[in-house]
S.K.: 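First, the structure itself, so that you have it in front of you.
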Amino acid sequence: MGKPASSHRPLRSDARRNRDRIVDTARGLFAEHGPEVPLGTIARRAGIGTATLHRRFPTKDHLIAAVYADQYAHCVAVVDEALADPDPWRGFCHMVNEICVLQTADRTFTDAFLAKIPDTSELDDARQRTVGGLFALVARAKAVGRLRADFVPADLALSMAAVSGLAARYPRSAADTARRLAAYLLAAFAADHHGPELPPSPLTSRHLFEAAR
């Protein structure tokens, strides 16, 4: 009875190590080249066969989901914390600051968040919770008159894309740069901001946040 149990442990350990190696390798390659890196390249860099990679991750989307799982969990936690704040504007500001800084940790996550990859079961719940929470935060901040009336949820996506670009331009000071940009953005988002009228948004929430469909 004891012998079979012990013989299974190395297999589970090997499988876990292979999976971790694949995910770590993919994360590094995505950071360099984006999620378009071929699976064969990831397998070679990880030192495993493509068959092993496909056993762990049947499709590219499953691998992408695993690579970004931690970032999505962070997004969910940030949005939940913001929603729990009894002050809608303070919660909204907290969310904008934290999400902007998150983009600087991994620029390719912005692409994943903005739905350039199809949904997978691993990401679907986190994406739905995050996007639904973002919409709720916008609605709450508007309801108390603190967020400008012409703000649209797609403006959050534009902000994320802008921060991602700054992170690429100034990698050594990316987090500090993101915080400063977030402060400027929040000043512009405020209902009492005095400035020119915004032009119509060329993008919609449906285009940018496909997870909200």
Side-chain angles (χ1 to χ4, degrees), residues 68-117 119 123-170 173-213:
Y68 294 117
D70 288 345
Q71 289 95 325
Y72 266 101
H74 188 174
C75 281
V76 170
V78 166
V79 170
D80 285 349
E81 185 177 3
L83 287 169
D85 194 317
D87 183 326
W89 177 245
R90 186 171 59 199
F92 178 84
C93 292
H94 173 72
M95 177 272 297
V96 170
N97 274 301
E98 291 299 314
I99 295 296
C100 282
V101 172
L102 176 61
Q103 304 313 300
T104 67
D106 185 344
R107 292 183 293 110
T108 63
F109 177 62
T110 303
D111 290 342
F113 187 90
L114 297 183
K116 289 187 177 180
I117 59 171
D119 287 338
L123 289 186
D124 188 55
D125 180 63
R127 290 171 68 146
Q128 294 288 349
R129 287 180 61 188
T130 300
V131 175
L134 293 178
F135 285 15
L137 287 164
V138 169
R140 290 193 339 158
K142 281 188 176 183
V144 296
R146 296 299 305 276
L147 180 62
R148 59 189 300 163
D150 55 358
F151 182 93
V152 295
D155 292 332
L156 291 173
L158 295 178
S159 303
M160 291 168 60
V163 170
S164 181
L166 282 176
R169 181 73 175 176
Y170 306 108
S173 58
D176 290 337
T177 303
R179 291 187 183 93
R180 186 170 178 84
L181 177 59
Y184 273 121
L185 291 172
L186 288 168
F189 293 164
D192 59 0
H193 173 70
H194 300 290
E197 183 178 345
L198 289 175
S201 175
L203 302 172
T204 68
S205 304
R206 189 175 183 86
H207 291 144
L208 291 169
F209 296 120
E210 293 181 1
R213 290 181 179 178

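All values reported here derive from a predicted model rather than from experimental measurement. Any value given below was found using the heavy atoms of this structure, including those in side chains, with hydrogens, waters and symmetry copies removed.
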S.K.: On a heavy-atom basis, which atom in Ala178 and which in Thr104 lie closest, and how many Å separate them?
M.R.: CB-CG2, 3.5 Å

S.K.: Taking side chain as C-beta onward, heavy atoms only, is Glu98 less than 4.5 Å from Glu81?
M.R.: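 No; the side chains remain at least 4.5 Å from each other.
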
S.K.: For the residue pair Cys93 and Phe189, establish whether any side-chain heavy-atom pair is separated by less than 4.5 Å.
M.R.: no

S.K.: Supply the atom-to-atom distance Phe92 CZ to Arg140 CZ, rounded to the nearest 0.5 angstrom.
M.R.: 11.5 Å

S.K.: When rounded to the nearest 0.5 angstrom, what is the spacing between CG in Leu147 and NZ in Lys142?
M.R.: 6.0 Å

S.K.: Just verifying a value: how many Å separate Leu186 CG and Asn97 CG, rounded to the nearest 0.5 Å?
M.R.: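 Going from the CG atom of Leu186 to the CG atom of Asn97 covers 5.5 Å.
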
S.K.: Provide the closest heavy-atom pair for Pro88 versus Pro86 in the form atom of the first, atom of the second, distance.
M.R.: CD-O, 3.2 Å

S.K.: Salt-bridged, Asp80 to Arg129, with N to O below 4.0 Å?
M.R.: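 So Asp80 pairs with Arg129 through a salt bridge.
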
S.K.: Show your working on side chain to side chain contact (heavy atoms under 4.5 Å, CB included) between Val101 and Val163 and close with a plain yes or no.
M.R.: CA-CA 8 Å; Val101 172; Val163 170; over 6 Å; no

S.K.: Is there side-chain contact between Ser159 and Val96, with at least one heavy-atom pair below 4.5 Å?
M.R.: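 With C-beta onward as the side chain, the pair stays apart.
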
S.K.: Any side-chain heavy atom of Leu181 sitting closer than 4.5 Å to one from Cys100?
M.R.: no

S.K.: Is there a side-chain contact between Arg148 and Leu198 in this structure, where contact means two heavy atoms from C-beta onward sitting under 4.5 Å apart?
M.R.: yes

S.K.: Rounded at 0.5 Å granularity, tell me how far NE2 in His94 sits from CG in Asp85.
M.R.: 8.5 Å

S.K.: Which heavy atom of Cys75 sits nearest a heavy atom of Leu102, and at what distance?
M.R.: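 Looking at all heavy atoms of both residues, the shortest contact is SG-CD2, 3.4 Å.
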
S.K.: So which atom in Ala82 and which in Met95 form the shortest heavy-atom distance, rounded to 0.1 Å?
M.R.: CB-CB, 4.0 Å

S.K.: Distance from His74 atom NE2 to Thr130 atom OG1, nearest 0.5 Å?
M.R.: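 Between atom NE2 of His74 and atom OG1 of Thr130 there are 10.5 Å.
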
S.K.: Find the distance between CG (Leu134) and CG (Leu156) and round it off to the nearest 0.5 Å.
M.R.: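 One finds 6.0 Å between CG of Leu134 and CG of Leu156.
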
S.K.: I'd like to check Asp176 versus Tyr170 (side-chain heavy atoms, cut-off strictly below 4.5 Å). Are they in contact?
M.R.: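 Contact flag for Asp176/Tyr170 side chains = no.
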
